[in-house]
Amino acid sequence: MFGTRLAVAMDEHGPLCVGIDPHEHLLASWGLPATAAGVREFALRTVSELKGSVAAVKPQSAFFEQYGSAGVAALEETLAAARDAGLLTVLDIKRGDIGSTMGAYAKAYLDPASALAADSITVSPYLGFGALEPAFELAAAHGKGIFVLALTSNPEGAEVQHAARDGDSVAGSIVSRVRQRNAQALVSADGLGPFGLVVGATIGTAAQDLGFDPSDCGGPILAPGVGAQGAGRAELRAVFGDRALASGQVLATASRAVLGAGPEGLADSAAALNRALTAAD
Ligand SMILES: O=C(O)c1cc(=O)[nH]c(=O)n1[C@@H]1O[C@H](COP(=O)(O)O)[C@@H](O)[C@H]1O
């Protein structure tokens, strides 16, 4: 099951996930063209440099999709290379659609028969949490994981995610629904469930202010915003508290801050960030 595999990988390698976001300026600094071939080289090199040093990588689909079918083929190769390298994958696609269409997205990204299948994906619950059901079902059937956007790292997210009805915020209700989904997956009480949240490392006390604790979801928490968006260990502590950080529930993810070190510096940069995120205070 995904939660268990992720817990083992984080225990071995630390809490850092490296995002594979081949921005044009990064391609240029790596001496690569802004083409599908450049993105392919960038992503495959990232995977080979990070093999054995991080728990997971998070390819961001849009950076591949923008180059059309050749870019999508590069994403397929990247996912296969990560699998061969023993790196867990979080495919960042942020999909969410009406249930019948969601079933097709789920097949694309969670069915092992698909070349785009990853170990886990990011999904958006803003067409209604229940619309995501086909993705939960397929993930459960194949031992995959799902990260549901709850409190995103960008400031604009608050207008939707902080909205409240009958005293419960949108984000808070997502935490409850993910907890229920983990309970249905028959997760043992002390294990990490396969279904998690995305909660930005940049959100400060937003969760407390809204009256919930993201760590109650019973699964992993993907925390973007580390590095380029300004968050480090202090910000992670402010959002999640020492208990959640120590429990290995938080998978902190950084893209530009690590990728900017260039291909030769990538592994050292990831190791330094992993150390910084776990350093005693
Ligand atoms: O789901 C995500 O990964 C995500 C959610 C969120 O709330 N904020 C966020 O930045 N992300 C993604 O995390 C990555 C952050 O990249 P850096 O800011 O370069 O570390 C990008 O791929 C974003 O799309």
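All residue numbers in this chain count up from 1 along the given sequence. Each ligand, and each atom within it, is numbered from 1 in the order the structure gives.
Ligand-side atoms of ligand 1 in range of D21: 14 (C), 16 (O), 21 (C), 22 (O), range being under 4.0 angstrom from any heavy atom. The Q60 neighbourhood of ligand 1 comprises atoms 22 (O), with distances under 4.0 Å to a heavy atom of that residue. Proximity to A254 (heavy-atom distance under 4.0 Å) selects the following atoms of ligand 1: 20 (O). With ligand atoms numbered from 1 in the order given, ligand 1 contributes 7 (O) to contacts under 4.0 Å with heavy atoms of T152.
Between the side chain of N182 and the main chain of F195, a donor-acceptor pair closer than 3.5 Å is present. Under the 3.5 Å distance criterion, the side-chain polar atoms of T202 are matched with a main-chain donor or acceptor of S153.
S255 OG, 3.3 Å is the protein heavy atom nearest to atom 16 (O) of ligand 1. The protein atom (non-hydrogen) at minimum distance from atom 5 (C) of ligand 1 is P224 CG, 3.4 Å.
The closest heavy-atom contact to atom 19 (O) of ligand 1, among the options Q229, K58, H23, R256, comes from R256.
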Could you walk me through whether L197 and F147 pass the side chain to side chain contact (heavy atoms under 4.5 Å, CB included) check? CA-CA 5 Å; L197 302 173; F147 291 93; over 6 Å; no
Please report the C-alpha distance between F63 and F42 in whole Å, then the side-chain angles of each, then the deciding distance to 0.1 Å, and finally whether the ring-ring contact (aromatic ring centres under 6.0 Å, His included) criterion is met. CA-CA 11 Å; F63 288 103; F42 183 98; 9.2 Å; no
Pair I20, V47 - check side chain to side chain contact (heavy atoms under 4.5 Å, CB included), show working. CA-CA 9 Å; I20 306 182; V47 166; 4.0 Å; yes
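Not a single N or O atom of N154, backbone or side chain, sits closer than 3.5 Å to an N or O atom of ligand 1. At least one N or O atom of K94 sits closer than 3.5 Å to an N or O atom of ligand 1. At a 3.5 angstrom cut-off on N or O pairs, S153 counts as close to ligand 1.
Taking the ring-ring contact (aromatic ring centres under 6.0 Å, His included) definition, one finds that F240 meets it with nothing, sequence neighbours left out.
Annotation: K94, atom NZ; neighbour count of heavy atoms from other residues, nucleotides and ligands within 6.0 Å is above 12.
Using a 4.0 Å cut-off between a side-chain N of Lys or Arg and a carboxylate O of Asp or Glu, D21 and R256 do not qualify as a salt bridge.
Remark: distances from the non-hydrogen atoms of G225 to ligand 1 are all 4.0 Å or more.
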